[in-house]
Amino acid sequence: MSTIKNRVQLIGNVGQEPTMTILEDGKKLARISLATNEHYNNAKGEKQTNTSWHNLVAWGKKADIVEKYVTTGKEIAIEGKLTSRSYDDKEGVKRYVTEITISEILLLSK
């Protein structure tokens, strides 16, 4: 069991234009929403689609790739790790976020 790692692989379509942020220390950050679809037949034999949305984060050179080439609707494949964080919103309520930090990105659609 010592070889099990935090590794996520997804193929899907970008849901909206990525948001780019340059932090005070000059690091570049890209945020992407990715839709993945699961197709199946229900009990009546009708084709169904279940869409799941994922929050992705890219840093540095990966963020540069996102900024140059990734747009709404683009099909991409990513590999990364699942990360969780919390923050306090404007009203002081603690919020929790689960994201995938991208380590590899592959552009699939033209």
[X] to [Y] - nearest heavy-atom pair and separation:
X	Y	result
Ala63	Met20	O-CE, 3.5 Å
Ser103	Lys62	O-CE, 2.8 Å
Ser84	Thr98	OG-OG1, 3.6 Å
Lys27	Asp25	N-OD1, 3.2 Å
Trp53	Gly15	CZ3-CA, 3.5 Å

Counting only N and O atoms by type, is there a donor-acceptor contact under 3.5 Å from the side chain of [X] to the main-chain atoms of [Y]?
X	Y	answer
Gln48	Tyr40	no
Ser52	Thr36	no
Thr72	Glu17	yes

Would a hydrophobic clustering, with Ile, Leu, Val, Met, Phe, Trp and Tyr connected at side-chain separations under 4.5 Å, put [X] with [Y]?
X	Y	result
Leu107	Ile100	yes
Val70	Leu29	no
Leu56	Trp59	no

Say you draw a straight line from [atom1] of [X] to [atom2] of [Y]; how long is it, rounded to the nearest 0.5 Å?
X	Y	atom1	atom2	result
Glu79	Leu10	CD	CG	10.0 Å
Lys94	Asp88	NZ	CG	4.5 Å
Asn6	Leu82	CG	CG	5.5 Å
Glu104	Gln9	CD	CD	10.5 Å
Arg95	Ser86	CZ	OG	12.0 Å
Thr51	Asn37	OG1	CG	4.0 Å

Could you name each residue pair satisfying salt bridge (Lys or Arg N to Asp or Glu O under 4.0 Å) that touches residues 38-48, not counting sequence neighbours?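 As it turns out, there is no salt bridge (Lys or Arg N to Asp or Glu O under 4.0 Å) pair with a partner in residues 38-48 once direct neighbours are skipped.
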Reference residue Ile32; test side-chain contact (heavy atoms from CB on, under 4.5 Å); the match among Val57, Asn55, Ile102: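 The option that passes is Ile102.
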By the definition side-chain contact (heavy atoms from CB on, under 4.5 Å), identify the one residue from Ile11, Val14, Leu106 that meets it with Glu75.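 Among Ile11, Val14, Leu106, the one meeting side-chain contact (heavy atoms from CB on, under 4.5 Å) with Glu75 is Ile11.
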